[in-house]
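First up is the structure itself, then whatever we jot down about it.
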Amino acid sequence: MNQFADEWLVPTLASLLSEATLADFRSKAPDNGSLWAAVLERRVLTEDQVLQAVATRFRMPVADLNQVERRVAELVPEQLARRYQVIPIRATDSWLDIATANPFDMDAEKMLAFATGLEVRLSICSPVRIREKLEEVYRPDDLVERLLDGIAEDNELTQLSDEPEDLVGSPDEARARPIIKLVDTLLADGIVSRASDVHVEPTEAGVIVRYRIDGVLRQVMKIPRSAGIPLISRIKIMSGMDIADRLRPQDGRCRVAVNGNPVDLRVSTLPASLGEKVVIRILNTRATLLDLDNLGYQADERQTIAGLLSNKEGIILVTGPTGSGKTTSLYAALRTVQKTGVNVITVEDPVEYRLGEQIVQVQINEKAGLTFPAALRSILRQDPDVILIGEIRDRETAQIAVQASLTGHLVLSTLHTNDAPNTITRLLDIGMEAYKIGSALRGIVAQRLIRRLCPTCRVLDTDPVPEALTRYVGATAVRYKAVGCAECAQTGYRGRFAIVEILVMNQTIERLVSSGANADQIAAVARKQGMRSLFESALHHMLNGETSIDEALRVTDPPREDRTETAEPRRTPAPAPAPVEPPRARHTPGPMAPLTLDPLAGAFELIDDTDLPPPRFEVTRKGSVILLVDDEDQLRRVMRDLLERQGYTVLEAADGAEALAEVDRGNPDLVILDLNLPGVDGYTVLAQLRSRDLTRNLPVIVLTAKGDEENEVRVLELGADDFITKPFRARALAARLQAALGRLRAN
């Protein structure tokens, strides 16, 4: 049998209702339905009869809701009153009178006593009357008026319309209701505060309003739920949505003017468990710098992008997550290629900014059949020179874009990927052929936005460098950190700029892409050819004082140390610190014992793993120092483990600058040197060592993947003691190390 939510009421009404009537109520009422509401709805009993029966049985007074005092309502938070369905009536210094429809709700009594610090006295009232009184006591208009009392009206917002002027209401009429006034105030304040988005989020305690400023959300207001629902409805009306439909996501847009400056708003709603969440994207053309010089690119990055835009055909992609500035960068690129005699057409959903003359912008309308593929087919018959596609979302759009690029058009578009090399993987995932991708692509720009330190309040950062960055940032590097002042709203940052990873296609990378190489292989080759990662770009700006270490780590991640050789990103060379002590006198090295192989070494293609011959020298090796110079962390770890098991002291360096610093600081007895190093390469390191008196005779064994004769001759002419190619034979390596150290010992 169905149970009533107010099952406690059954014995009380048993004398007023027959068993047949109660059974009928149970059979027709939903499980956990209200008996009180059912009795009143079917008019079997009157409200007074039920109240008197409950008051008599439980010896409780009947509440008089006409005596509710406004000041008492302010003692009880609205969320508590609505959760427990109670009305605060009056209060003294020691007790609080509460109207309830459930005298057995001990949780409500305890919670209200805890929240107010007063003794709670209960009186009985109808649940219908309580619901009506709740809306009256916590009336939205009054609450909004009180909210607005503390908000300065420095900015005026008016909604713009395409209708004739005589059909548009006056500003006074538009601001007549408090809810409308609140919405106008929130939007105007958000626009003036440089917010990119306004988030309206329902919670149990009310409705929270947050602004996204410089990429970070900040809570600016908390509104009671009774005022939040009308506020969301007002936003939906402004953006042309259906306010009655709260169960489906909706999208809309509108135009407003703040202090006479027009601003476009894109509005999106999402049904959630506690109500609709609304996000308003603010598209302020005046606040958006549509110029490559103003996007924060470094000089070499601007030059590289300008070189990509000089192509007359091919595809240039800008990638990154939502809100990373992809569209702004594309618009800035259009400004660069826009000139008289060039036909530029864009296909967007939606058209975010109006770019003015000489650029035709097409708005996608899927309901009318104007999809990305359909629009692109029509555009190709309009004889365009440059085509901008808002986003490549599916295989059909990608195929038409590639076809257009291969037939003499320059195509600009965006894609959602993590970095530049993985864009190739994404295109393959949506069904593109590898050989077409290699032929059509001209370049990929992966982008993020990072906050700029406030120039007014930034200070020198004297804190220790985080452990994750000690390999990339020297101890003497000049760094700045955020503080906060009135100019930056106490955040320490003001404005954002772009950090980028630019992959430029060439014959080598095109062959890799066409042959089906994975993203790690493409990345390894591109970085050897000079591609700077997002992390390196952020690090460069940090060392220039434009942002902080905390912000760089918030937006990007340092390279993972467990990547293999094909996946390891190139690193930004750390500034070489000053030597901490003068070079010590060179000691005579001990003999070289055989290397025993570790199972992990197989990952680096050690060709043989047989037992090595016994050493030629019997003297202990303790104290001999070997410096490993290689940018692959995994390889250095394996070789370090092998050498340390033989009793050697092992130093490490990941780039050329760090290697030279370690030679001065650690005074090694032998150097194992890779040629492919970020920043200062192995050739330069070898030349520097041979040009110094203290290191002219230091044994250097070159271990490299460049095994051609030209490189071997070159490094031997520079003064290398030996030349070994990867993959190497462990026995041969052991013998050559023994020979090199033996010659030094003999000298």
Mind checking what makes side-chain hydrogen bond (donor to acceptor under 3.5 Å, both in side chains) contact with Glu47, not counting sequence neighbours?
Ser126
My understanding is that only residues two or more places apart in sequence, or in another chain, count here; which of them pass side-chain hydrogen bond (donor to acceptor under 3.5 Å, both in side chains) with Thr319?
Thr417
Not counting sequence neighbours, which residues clear side chain to side chain contact (heavy atoms under 4.5 Å, CB included) with Arg393? List them please.
Asp349, Phe372, Glu391
For residues 240-249, pull every pair meeting side chain to side chain donor-acceptor pair (under 3.5 Å), keeping only residues two or more places apart or in separate chains.
Asp245-Arg248
If we count only N and O atoms by modelled type, under 3.5 Å, do the side chains of Glu348 and Gln363 hold a donor and an acceptor together?
no
For residues 205-214, dump all side-chain donor-acceptor pairs below 3.5 Å to protein atoms at least two apart in sequence or in another chain.
{"unit_1": "Arg210", "atom_1": "NE", "unit_2": "Glu201", "atom_2": "OE1", "d": "3.4"}
{"unit_1": "Arg210", "atom_1": "NH2", "unit_2": "Glu201", "atom_2": "OE1", "d": "3.2"}
{"unit_1": "Arg210", "atom_1": "NH2", "unit_2": "Glu201", "atom_2": "OE2", "d": "2.9"}
{"unit_1": "Tyr211", "atom_1": "OH", "unit_2": "Leu186", "atom_2": "O", "d": "2.7"}
{"unit_1": "Tyr211", "atom_1": "OH", "unit_2": "Asp189", "atom_2": "OD2", "d": "3.3"}
{"unit_1": "Tyr211", "atom_1": "OH", "unit_2": "Gly190", "atom_2": "N", "d": "3.4"}
{"unit_1": "Arg212", "atom_1": "NH1", "unit_2": "Gly215", "atom_2": "O", "d": "3.0"}
{"unit_1": "Asp214", "atom_1": "OD1", "unit_2": "Arg194", "atom_2": "NH1", "d": "3.1"}
{"unit_1": "Asp214", "atom_1": "OD1", "unit_2": "Gly495", "atom_2": "N", "d": "3.2"}
{"unit_1": "Asp214", "atom_1": "OD2", "unit_2": "Gly495", "atom_2": "N", "d": "3.1"}

Side chain of Ser233, backbone of Ile243: donor and acceptor closer than 3.5 Å?
no
For Pro271, the side chain to side chain contact (heavy atoms under 4.5 Å, CB included) test, sequence neighbours excluded, returns Pro249
Relative to the ring of Phe58, is the ring of Trp8 parallel (under 30°), tilted (30 to 60°) or perpendicular (over 60°)?
perpendicular
Could you work out, with side-chain hydrogen bond (donor to acceptor under 3.5 Å, both in side chains) as the rule, every residue matching Thr46, not counting sequence neighbours?
Gln49
For the backbone of Leu553 and the side chain of Thr556, can you confirm whether one donor and one acceptor N or O come within less than 3.5 Å of each other?
no
Measure the spacing between NE2 of His199 and CD of Gln219 and express it to the nearest 0.5 Å.
13.0 Å
What do you reckon, is CE of Met60 surrounded by more than 12 foreign heavy atoms closer than 6.0 Å?
yes
So, Arg494 side chain and Glu487 main chain: donor-acceptor pair closer than 3.5 Å or not?
yes
Verify the distance criterion only: is there a donor paired with an acceptor across the side chains of Thr346 and Tyr331 at less than 3.5 Å?
no
Under the side chain to side chain contact (heavy atoms under 4.5 Å, CB included) rule, collect the residues that match up with Ser273, sequence neighbours excluded.
none
Could you walk me through whether Leu80 and Met111 pass the side chain to side chain contact (heavy atoms under 4.5 Å, CB included) test, one step at a time?
CA-CA 8 Å; Leu80 286 182; Met111 183 60 72; 3.6 Å; yes
From Arg82 atom CZ to Ile130 atom CD1, the distance as rounded to the nearest 0.5 Å
12.5 Å
Looking at residues at least two apart in the chain, or sitting in another chain, which of them share a side-chain hydrogen bond (donor to acceptor under 3.5 Å, both in side chains) with Gln447?
Tyr297, Ser329
Main-chain N/O of Ala195 paired to Ser193 side chain as donor or acceptor, under 3.5 Å
no
Taking atom CZ of Arg448 and atom CG of Asn418, what is their separation to the nearest 0.5 Å?
6.0 Å
Residues in side chain to side chain contact (heavy atoms under 4.5 Å, CB included) contact with Ala374, at least two apart in sequence or another chain
Thr371
Compare all side-chain heavy atoms of Thr12 with those of Val10 and state whether any distance is below 4.5 angstrom.
no
Got a sec, which pairs hit salt bridge (Lys or Arg N to Asp or Glu O under 4.0 Å) with one end in residues 97-113, sequence neighbours left out?
Arg90-Asp97
Residue list, salt bridge (Lys or Arg N to Asp or Glu O under 4.0 Å) with Glu276, at least two apart or on another chain
Lys236
